[in-house]
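What follows is one structure encoded as structure tokens, with my remarks underneath.
In what follows, chains carry the letters A, B, and so on, assigned in the order in which the sequence lines appear, proteins first and then strands, with residues in each chain numbered from 1.
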Amino acid sequence: MRVAFVGKGGAGKSSLAGTFARVLAATGRRVVALDSDPMPGMAFSLGVAQIDAGLPDDAVEEFEETGRRRYRLREGLTGTGAIERYAVRGPDGVHFFQLGKARGARWDNTRQHFGFQRVLDDLPGEDWSVVGDLPGGTRQPFLTWGRYAETFLVVAEPTPASLLTARRLARLAVTGSAPRVVVVANKVRTPRDAEEVAERTGLLLLGAVPFDPALDEADRLGRAVLDHDPTGPTVTAVRSLVAALSTETRAR
Amino acid sequence: MKIAVVGKGGSGKTTTSAVLARTLARSGYATLALDCDSNPNLGISLGIGEEATERLISVRDAVDAGEEEHASSAEDLVARFGIEGPDGVRLAVVSAIQNPEPGCP
Ligand SMILES: Nc1ncnc2c1ncn2[C@@H]1O[C@H](COP(=O)(O)OP(=O)(O)OP(=O)(O)O)[C@@H](O)[C@H]1O
Ligand SMILES: [Mg+2]
């Protein structure tokens, strides 16, 4: 499966995406956890010590085509090869990769940015699952990920701003390769919260994650919730999400 | 004065901006709240409501639609495409990615 976690800033994308990727990897599947947010996030929820895990510049080469500058993987380097060589192995066998952190005002990540797109283009679909953790908002889902995600998983809190973001994402998803869009209600305190998220986004509700103080605690400690509270409400809810999306993907 | 509020997602930028803007307006400053997020939500925190926030047209879209020819200045754009919020704060959205457009990826 190829799933992109999207939603408003702070909705819980990184917490859920990292946990989701590990739960999926633990079932024996080959999983790339791809963090494409220039701000830190997914490394913590995966429990990977190394925050910087990008493609080196020399993995990508520049070439010209009909007068335009383009990028491809270095001669002989395949998508699978790039992951095996450069991704960081995390707990449960997950492969952690980053699309490039902002390292300064003028730090250019063009090569990395396009390099990743080539890695994704080149991955055999059946062999690999991709779990993407995107920056908040609508820009990256719309401009980059529409081509790569089969599923946009919108993480939405039961608040007006989060729901407005979810509606925008649902509208934008109809362009491009038209991935399927589902919503996950996060930080819910009552069953009504989850119903409201479904009603006010008009999206299929894949599941709900309760408001969980243990997640906040894990965050403050800089630990993955999967290691901090492995049988708690967040991990239990994410396990259901993985099961629900796996069933959905097979049914398609 | 010009204040830019920045930080990580979910850390409270929009809420802080809205409270700052309304506090300044209450102290008598003519205040423009400029939502520079391409996923603009500042209207909700300012208190103009969810629907009005969703309906707001960004200055960028207005300019792209040719309104620049009719507007004489930046102030004019903000006056015409902004909206008046509580405490007299004027809200304008710079640029929004919120609707699919023909021809886009
Ligand atoms: N179910 C939950 N219960 C309690 N707190 C939660 C829950 N989900 C997320 N949080 C908290 O919300 C905050 C934001 O979470 P997270 O970093 O995962 O969001 P994000 O969407 O990735 O944010 P950003 O847009 O900055 O990337 C964190 O402090 C996290 O602990
Ligand atoms: Mg994040």
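Surrounding CD of E199(A) are more than 12 heavy atoms belonging to other residues, nucleotides or ligands, all under 6.0 Å away. Within 6.0 Å of atom CZ in R90(B), more than 12 heavy atoms from other residues, nucleotides or ligands are found, so the atom counts as buried in its surroundings. By the neighbour-count criterion of 12 heavy atoms within 6.0 Å, atom CZ of R192(A) is densely surrounded, having more than that number from other residues, nucleotides or ligands. Sparse packing is recorded around CD of E75(B), with 12 or fewer heavy atoms of other residues, nucleotides or ligands lying under 6.0 Å away. Other residues, nucleotides and ligands contribute over 12 non-hydrogen atoms within 6.0 Å of the CZ atom of R167(A).
Taking CG of N39(B) as the start and CG of L172(A) as the end, the distance is 9.0 Å to the nearest 0.5 Å. To the nearest 0.5 Å, atom OG1 of residue T53(B) and atom CG of residue L164(A) are 7.0 Å apart. For the atom pair CG of L163(A) and CD1 of I44(B), the computed distance is 8.5 Å after rounding to the nearest 0.5 Å.
A salt bridge links E54(B) with R171(A): at least one charged nitrogen is closer than 4.0 Å to a carboxylate oxygen.
Close approach to chain A, defined as a heavy atom under 4.5 Å from one of its heavy atoms, is seen in no residue of residues 22-34 of chain B.
Listed by chain and number, the residues in a salt bridge (Lys or Arg N to Asp or Glu O under 4.0 Å) with R168(A) amount to none (sequence neighbours excluded).
A donor-acceptor pair under 3.5 Å is formed between the side chain of T138(A) and the backbone N or O of I97(B).
Looking only at heavy-atom pairs under 4.5 Å with chain B, the residue among S14(A), G136(A), S162(A), P160(A) that has the most is P160(A).
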